[in-house]
Amino acid sequence: APAAVFYYSPNREGCHPQRQLATYTGIMQVDAYSGYNALYVEGRRPGPIVEAGCWAHGRRKLYELARLRKMPIAIEAVRRIDELFAIEREINGQTPSQRLSVRRERSKPLVEDLERWMRSERRKLSAKNPLAKAIDYNLGRWPALTRFLDDGTLPIDNNWVENRIRPIALGRSNWLFAGSLRAGKRVAAVMSLIQSARLNGHDPYRYLKD
């Protein structure tokens, strides 16, 4: 059954995800938060964690430059990335093997061409150009961003998780009421229970009200 688990930590230091995921091995799809970097080191015990990138994050800065500054290169980059998302919408709900087959046939050539194009355009830009920074974000994470091409179980982005935590992020100042580390952990436990119930078709509010 699907589940959501929340952890409370008093700050954004990398020691917290390192502790929370101390016994985990496998693929982890996340944004580029530097606190995760220690999880990817070679020789990690008890085993490796492999980073899978999020194309929604890679697209975001480019989209802002395309929409607000009308930069032609940003507009073209967004158009190319949107082609990948269009393919994903077509294969959504198919089996992992079916998705993998389509990705290798249709998405992989687009991604390879996108990388060549990005590297070519990047060489024309100064390091201080905001467009260069947006492109560097993607090129610096290319192995993680392209991991979905070889794994049909991976989504192209982690928007599902982002949507689970958005209400918390938007109202972060409201969580000051917790008052202590222990209370914060209790809040996280209750939220884990409520969100997991919702994911499995239950209405926690109705249940608690009764």
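Note that the structure is predicted; figures quoted are calculated from it, not measured. Along the sequence shown, the residues carry numbers beginning at 1.
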Would Arg166 and Asn163 count as having a side-chain donor-acceptor pair, cut-off 3.5 Å? yes

Please check this pair: side chain of Asn200 against backbone of Pro2, looking for a donor-acceptor N/O pair closer than 3.5 Å. yes

Given side chains that start at C-beta, do those of Phe6 and Gln195 come closer than 4.5 Å, heavy atoms only? yes

Could you check whether any side-chain heavy atom of Asn158 comes within less than 4.5 Å of a side-chain heavy atom of His57, counting everything from C-beta outward? yes

Is the closest side-chain heavy-atom distance between Met28 and Tyr36 below 4.5 Å? yes

Is Leu149 linked to Leu154 within one hydrophobic cluster, defined over Ile, Leu, Val, Met, Phe, Trp and Tyr using a side-chain heavy-atom separation of less than 4.5 Å? yes

Beyond-backbone contact of Leu62 with Asn138, side-chain heavy atoms, under 4.5 angstrom: yes

Show the numbers, then the answer: is there a side chain to side chain contact (heavy atoms under 4.5 Å, CB included) between Ile75 and Arg67? CA-CA 8 Å; Ile75 293 172; Arg67 182 172 62 88; over 6 Å; no

Is there a donor-acceptor contact under 3.5 Å from the side chain of Ser192 to the main chain of Ala188? yes

For Gln18 and Gly35, which heavy atoms make the closest approach, and how far apart are they? NE2-O, 3.7 Å

Between Leu114 and Met118, does a side chain to side chain contact (heavy atoms under 4.5 Å, CB included) hold up when you go through it step by step? CA-CA 6 Å; Leu114 174 60; Met118 276 191 169; 4.0 Å; yes

What pair of heavy atoms forms the shortest contact from Ala3 to Leu199, and how long is it? C-CD1, 3.8 Å

With Arg44 as the cation and Tyr40 as the aromatic partner, state whether NZ or CZ is under 6.0 Å from the six-membered ring centre and within 45° of the axis. no

Residue pair Gln29 / Asp157: nearest heavy atoms and the distance that separates them: OE1-O, 3.5 Å

ILVMFWY cluster, Trp117 and Leu65 together (side-chain gap under 4.5 Å): yes

Do the side chains of Val50 and Trp142 join up, straight or via other hydrophobic residues, at under 4.5 Å, putting them in one cluster? yes

For a quick check under 3.5 Å, do Thr95 and Gln98 share a side-chain donor-acceptor pair by atom type? yes

Salt bridge present between Glu115 and Arg119 (N-O < 4.0 angstrom): yes

Residues Ala32 and Arg141: closest non-hydrogen pair is CB-NE, 2.9 Å

Return yes when atom OH of Tyr7 has more than 12 non-hydrogen atoms of other residues, nucleotides or ligands closer than 6.0 Å, and no otherwise. no

Could you give all pairs that pass the salt bridge (charged side-chain N to carboxylate O under 4.0 Å, His left out) test and reach residues 195-210, with sequence neighbours left out? none

Do Leu100 and Val111 belong together in a cluster built from hydrophobic side chains that touch within less than 4.5 Å? no

May I ask you to decide if Ala4's main-chain N or O and Ser196's side chain share a donor-acceptor pair within less than 3.5 Å? yes

Please list all pairs meeting salt bridge (charged side-chain N to carboxylate O under 4.0 Å, His left out) that have one or both residues in residues 71-87, counting only residues at least two apart or in different chains. Arg59-Asp82, Glu76-Arg79, Glu76-Arg80, Arg79-Glu83, Arg80-Asp113

Charged N to carboxylate O under 4.0 angstrom, Glu88 versus Arg103? yes

Distance to the ring centre below 6.0 angstrom and angle to the axis at most 45 degrees; does that hold for Arg12 and Tyr33? yes

Less than 4.5 Å apart, any side-chain heavy atom of Val30 and any of Cys54? no

Smallest heavy-atom separation, Ala22 atom then Pro46 atom, equals O-CD, 3.2 Å

Under 3.5 Å donor-acceptor, Ser107 side chain and Arg104 backbone: no

